[in-house]
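Shown next, in structure tokens, is the structure this report addresses.
This is a predicted model, so every value here is computed, not measured.
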Amino acid sequence: MLQTDVLVIGAGAVGCAIARELTKYQLKVLVVDKNEDVGGEASKSNSAIIHTGYDAPPGTLESQLVVAANPMYELLTRQLDVPYQKVGAILPAFTDEQFDKLPALKAKAFQNRVYDVEYLTGEQLLAMEPNLNPEVKAGLYIPRENIIDPFLLVVAYAENAQQNGAHFLLNTKVTGIRVENGRVVGAQTTAGEIQATYIVNAAGLYCDDVAAMVGKNDYTVNPRKGQFYILDKNTTCKVNHIVLPIPTKVTKGKLMCPTIHGNMLVGPTAEELEDKQDYSTTAEGLASIETDVRRLIPGVNLRDSITQYCGLRPNRNPEGLHVDTYDDVKNYVNLSGVRSTGLTASVSLGKYVAQRLIEIGMPVNFNSTFNPIRKGIPRFHEMTYEEQDALIRENPLYGKVICRCETITEGEIVEAIHRPIPARSVDAIKRRLRAGMGRCQGGFCGPRVLEILGREPGVPTEEIRKNQIGSHMITGKVRGERVIANV
Ligand SMILES: Cc1cc2nc3c(=O)[nH]c(=O)nc-3n(C[C@H](O)[C@H](O)[C@H](O)COP(=O)(O)OP(=O)(O)OC[C@H]3O[C@@H](n4cnc5c(N)ncnc54)[C@H](O)[C@@H]3O)c2cc1C
């Protein structure tokens with residue numbers, strides 16, 4: 001039977017950040033996830049913004065965590081080799097009603113201790129964002145709302161945690177938690193029993209199901225769907241900042257912003273659902289994005305869309321981000337309501353949860369060998385010709401471009417397959433390297449990626465999946481040799 005000091009349930013941004021933080025102590029740390037890769041669920045389908053917390057509900061744990069997290073990203077992303085860009089956000093007002101809301105929004109930012117929010121005139125905003133609706137009257141500038149590579153952030157937390165001693169058990173669902181004499185002692189999983197002294201529930205959308213395993217059913221979680229468009233890098237109408245609408249009572253609204261890799265992101269919707277597996281995009285949802293975003297950026301060209309996707313925010317009922325410990329279920333930490341700002345808050349949640357574990361008795365023995373530095377896979381397309389030349393001489397596989405849209409080489413793909421947390425599916429490669437994320441969406445590189453995914457670990461290509469169980473890419477053979485891709 002597996003035995004660990006701390007068992008973290010969920011390998012999304014939050015679970016992986018917690019694991020990394022816990023490796024700063026002399027502890028056995030094990031992270032389990034039902035999915036085939038780290039990366040979570042909400043963590044791989046969000047707006048990729050590192051928020052300031054300017055609009056968080058003041059006085060809440062969410063405000064505290066997001067405001068604390070924002071300044072940490074500069075160092076963290078350097079340590080973990082994760083792309084991060086300071087772009088800032090603008091919040092333009094076009095109507096008198098919106099204009100009248102600006103003082104309250106600035107006051108709320110001030111309550112949240114985000115003091116660097118400034119008023120800008122319509123002229124100033126148009127100078128910053130020439131594609132903005134020219135009817136803009138005035139607005140707010142929030143300089144520290146920034147953008148990140150959300151996929152690599154999670155992979156990097158996980159790889160750094162693993163490099164410092166944490167273990168990851170994927171394709172493993174927690175099905176029960178054993179509580180004896182009022183304290184947790186282990187978990188039942190699809191891979192067998194795990195003995196654990198402490199358990200952390202970081203299961204995102206399913207945190208209510210996990211909480212119910214220890215008899216804590218005082219809240220439920222429903223998905224709040226967010227649909228997005230991703231536009232081609234060469235789209236005719238771009239923005240330089242995160243362009244946010246003035247929020248209403250019901251929603252924060254739909255935004256347009258650059259992604260860290262130069263695409264444009266447009267969305268998201270906010271639709272209440274019951275079904276936790278409804279990842280569909282809908283004509284109605286996408287049409288609502290077009291209507292709303294045109295009010296901000298009239299020239300937005302959604303014909304330049306290269307793909308659409310959807311994420312599910314874990315919406316807690318009753319609302320609010322909670323990190324709970326219990327007198328009657330000792331050694332257990334329950335996270336819930338990590339909803340719209342959890343990517344940002346992941347780094348501070350890691351620290352907060354570690355502190356809560358210490359408060360409930362986790363021993364504090366520092367790990368003097370903890371190394372905060374993680375070196376990523378070389379990003380060939382970002383290098384100078386001289387650097388590329390040197391790399392190809394060292395390893396000729398870097399001279400073979402597999403994904404032509406994003407200039408991703410065979411060397412990078414092979415390295416991703418052999419990393420400590422290996423990429424084993426088409427989507428795992430895509431998230432780590434962007435192969436298949438470009439204009440053709442894998443139409444050209446897909447079969448080559450599949451071939452390498454099979455060749456490197458010595459697995460038949462028929463067994464390679466897009467992502468989850470059952471998502472095999474090959475459905476059969478033609479004339480004994482050729483294969484049909486399940487596209
Ligand atoms: C549309 C949208 C836009 C967003 N935009 C932003 C943004 O711009 N900035 C920001 O900071 N935040 C944003 N967020 C919020 C952010 O993405 C989430 O708060 C964050 O990713 C939550 O991370 P997590 O690790 O808690 O959850 P997840 O990423 O969902 O990870 C939970 C993991 O738990 C696993 N799991 C669940 N049950 C079990 C079980 N029984 N056994 C084993 N494993 C289990 C799941 O497989 C999953 O991998 C957005 C979210 C959405 C949906």
Side-chain angles (χ1 to χ4, degrees), residues 13 39-52 55 73 77 82-92 128-133 142 144-154 224-245 247 251-271 279 281-282 285-313 339-344 405-406 427 430-431 434 436-439 441:
E41 290 179 343
S43 305
K44 63 184 180 222
S45 45
N46 50 57
S47 312
I49 297 171
I50 295 304
H51 293 294
T52 52
D55 61 343
Y73 275 90
T77 52
V82 173
Y84 176 60
Q85 198 184 337
K86 296 180 176 180
V87 289
I90 59 169
L91 199 71
M128 289 165 78
E129 246 356 302
N131 288 322
L132 199 60
N133 182 344
I142 310 137
R144 287 178 295 110
E145 293 272 312
N146 295 325
I147 54 175
I148 196 164
D149 184 325
F151 314 111
L152 273 190
L153 176 66
V154 188
R224 182 173 289 169
K225 185 192 274 197
Q227 303 186 43
F228 293 92
Y229 281 102
I230 296 271
L231 308 188
D232 188 43
K233 289 178 185 172
N234 295 324
T235 185
T236 45
C237 177
K238 291 188 168 195
V239 292
N240 309 305
H241 302 83
I242 302 160
V243 182
L244 302 164
T251 168
K252 283 190 187 189
K254 303 174 184 83
L255 57 85
M256 178 161 171
C257 70
T259 71
I260 194 84
H261 299 287
N263 297 90
M264 289 292 129
L265 182 69
V266 192
T269 57
E271 305 157 59
Y279 283 93
T281 51
T282 61
L286 294 171
S288 77
I289 297 175
E290 174 155 19
T291 310
D292 291 1
V293 173
R294 273 202 199 290
R295 291 193 193 112
L296 299 172
I297 311 288
V300 60
N301 187 356
L302 297 174
R303 287 184 168 203
D304 284 336
S305 163
I306 56 171
T307 190
Q308 301 93 38
Y309 68 92
C310 138
L312 301 179
R313 307 168 186 89
R339 192 181 67 186
S340 310
T341 51
L343 187 71
T344 308
C405 300
E406 299 293 312
D427 281 0
K430 194 169 163 180
R431 285 196 291 272
R434 292 185 57 72
M437 270 202 198
R439 197 186 171 96
Q441 289 288 299

Task: Check: Tyr84/Asn146 side-chain N/O donor and acceptor closer than 3.5 Å - done: yes

Open item on the list: Between Asn301 and Thr236, do the side chains contain a donor N or O and an acceptor N or O under 3.5 Å apart?
Closed with: yes

Where is the tightest heavy-atom contact between [X] and [Y], given as atom of each residue plus distance?
{"X": "Leu265", "Y": "Phe228", "answer": "CD1-CD2, 3.7 Å"}
{"X": "Tyr279", "Y": "Cys310", "answer": "CD2-O, 3.6 Å"}
{"X": "Met437", "Y": "Phe151", "answer": "CE-CE1, 3.5 Å"}
{"X": "Pro258", "Y": "Ile242", "answer": "CD-N, 4.4 Å"}
{"X": "Arg294", "Y": "Val300", "answer": "NH1-O, 3.0 Å"}

Open item on the list: What's the separation between atom CG in Leu152 and atom CZ in Arg434, rounded to the nearest 0.5 Å?
Closed with: 10.0 Å

Task: Distance in Å, Met264 CE paired with Ile306 CD1, rounded so as to fall on 0.5 Å steps - done: 11.5 Å

Open item on the list: I'd like to know if the side chain of Ser47 reaches the main chain of Ile49, judged simply by a donor and an acceptor atom lying under 3.5 Å from each other, with no hydrogens or angles considered.
Closed with: no

Open item on the list: Looking at Asp292 and Ile289, would you say the former's side chain and the latter's main chain have a donor-acceptor pair under 3.5 Å?
Closed with: no

TODO: From the options Lys225, Gln227, Gln308, select the one residue that forms a side-chain hydrogen bond (donor to acceptor under 3.5 Å, both in side chains) with Thr282.
DONE: Gln227

Open item on the list: For Glu406, run the side-chain hydrogen bond (donor to acceptor under 3.5 Å, both in side chains) check against Lys430, Arg439, Lys233, His261 and tell me which one passes.
Closed with: Lys233

- [ ] Please identify each residue that fulfils side chain to side chain contact (heavy atoms under 4.5 Å, CB included) with Asp55, with sequence neighbours left out.
- [x] Lys252

